[in-house]
A.B. asks: 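Provided herewith is a single structure, encoded as C-alpha cells, for subsequent inquiry.
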Amino acid sequence: GSEAAGEQGQEEEEAEDRLKEQMDNLLDKSAKTRQAALQSLRLAFSSRTLSKFLLERRLTLTDSLERCLKKGKGEEQALAGTVLTLLCLQMGSCPEGEEVFRNLKPLLISILTDSMASPSARQSCATALGTCCYIAAADLE
C-alpha cells in the first residue's frame, strides 16, 4: 500500500514539474514553443483535476495567458482562450477564479470584437468569455 502511494506521489510531483516547465515555456520568444506549451497545458487541464496546483500559480498563469492573447496571432490566441476556459473550469466559482476572469475579460472582448483577429481566435475567446462568465462572474450583469 505505502509503495503505491509513494509512486503515486512521485508521479504527481513529476507531472507538476512538467506543468511548471510548460508554464515557463509560455514566456518563450518562439511562437512554436508557446503554442506547444499551450497544447500541453490544454491536455493536462482537460485530463485531470489540478485545482490546488493552479490556485497557487493563478497569477503567473494569468499573466502568461494575457501575454499570449495580446502578442500572439491566430492559433496561439485560440489556444490561449481554450486554456483560459479550462483554467476557469478547474478553479470554479471561487473568488480567485473571479479575479482571473475579471483581469482577462476586457482582453477577451477586445479580441472577440476585432474584425482583423482570426476566426478561430475570436471563436475561442467567445467560448472563454461565455464559459468563464457563467462559472466565475460574481456580477450578475
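Computed from a predicted structure; not experimentally measured.
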A.B. asks: Which atom pairs, donor and acceptor, lie under 3.5 Å between side-chain atoms of residues 53-72 and protein residues at least two apart or in another chain?
C.D. replies:
| unit_1 | atom_1 | unit_2 | atom_2 | d |
| --- | --- | --- | --- | --- |
| R57 | NH1 | F53 | O | 3.1 |
| R58 | NH1 | L55 | O | 2.9 |
| T62 | OG1 | R58 | O | 2.6 |
| S64 | OG | T60 | O | 3.0 |
| E66 | OE2 | K70 | NZ | 3.3 |

A.B. asks: Supply the atom-to-atom distance S30 OG to N25 CG, rounded to the nearest 0.5 angstrom.
C.D. replies: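 The CG atom of N25 is 9.5 Å from OG of S30, to the nearest 0.5 Å.
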A.B. asks: Could you tell me the separation between the CD atom of Q35 and the NZ atom of K73, rounded to the nearest 0.5 Å?
C.D. replies: 12.5 Å
A.B. asks: I'd like to know if the side chain of S51 and the backbone of Q90 have a donor-acceptor N/O pair within less than 3.5 Å.
C.D. replies: yes
A.B. asks: Are the side chains of L86 and R42 in touch, meaning some heavy atoms are under 4.5 Å apart?
C.D. replies: yes
A.B. asks: Quick one: do L108 and L84 satisfy side-chain contact (heavy atoms from CB on, under 4.5 Å)? Show the steps, please.
C.D. replies: CA-CA 10 Å; L108 291 172; L84 175 59; 3.6 Å; yes
A.B. asks: Which distance, rounded to the nearest 0.5 Å, do you find between the CZ of F45 and the CG of L19?
C.D. replies: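 F45 CZ to L19 CG: 6.5 Å, rounded to 0.5 Å.
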A.B. asks: Answer whether the closest heavy-atom distance between the side chains of C88 and T131 falls below 4.5 Å.
C.D. replies: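 No, every pair of side-chain atoms sits at 4.5 Å or beyond.
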A.B. asks: Would you name the heavy atoms of A15 and R48 that are closest together and state the gap between them?
C.D. replies: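 Result for this residue pair: CB-NH2, 3.1 Å.
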A.B. asks: Who passes salt bridge (charged side-chain N to carboxylate O under 4.0 Å, His left out) against E76, sequence neighbours left out?
C.D. replies: R34
A.B. asks: Linking I/L/V/M/F/W/Y whenever their side-chain heavy atoms sit closer than 4.5 Å, directly or via other members, would L27 and L87 fall into one cluster?
C.D. replies: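 L27 and L87: separate clusters.
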A.B. asks: State, yes or no, whether a side-chain contact exists between F101 and L129 at a heavy-atom distance under 4.5 Å.
C.D. replies: yes
A.B. asks: Please report the interatomic distance CD(Q123) to CD(Q77), rounded to the nearest 0.5 Å.
C.D. replies: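 Interatomic distance, Q123 CD to Q77 CD, rounded to 0.5 Å: 13.0 Å.
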A.B. asks: Let me check something: do I109 and I111 share a hydrophobic cluster, defined by ILVMFWY side-chain heavy atoms less than 4.5 Å apart, either directly or through other members?
C.D. replies: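 Yes; I111 is reachable from I109 via cluster members.
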A.B. asks: Might you point out which heavy atoms bring S124 and A78 nearest each other, and give the distance in Å?
C.D. replies: OG-O, 2.5 Å
A.B. asks: Can you measure from OG1 (T82) to CD (Q39) and round to the nearest 0.5 angstrom?
C.D. replies: 10.0 Å
A.B. asks: Kindly say whether P106 contributes a backbone atom to a donor-acceptor pair with the side chain of S110 at under 3.5 angstrom?
C.D. replies: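 Judged by distance alone, no pair lies under 3.5 Å.
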A.B. asks: Can you tell me how far apart CD (E98) and SG (C133) are? Round to the nearest 0.5 Å.
C.D. replies: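 It is 10.5 Å, given to the nearest 0.5 Å.
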A.B. asks: side-chain hydrogen bond (donor to acceptor under 3.5 Å, both in side chains) for S118 and S120? Distances and angles first, verdict last.
C.D. replies: CA-CA 5 Å; S118 79; S120 63; 3.3 Å; yes
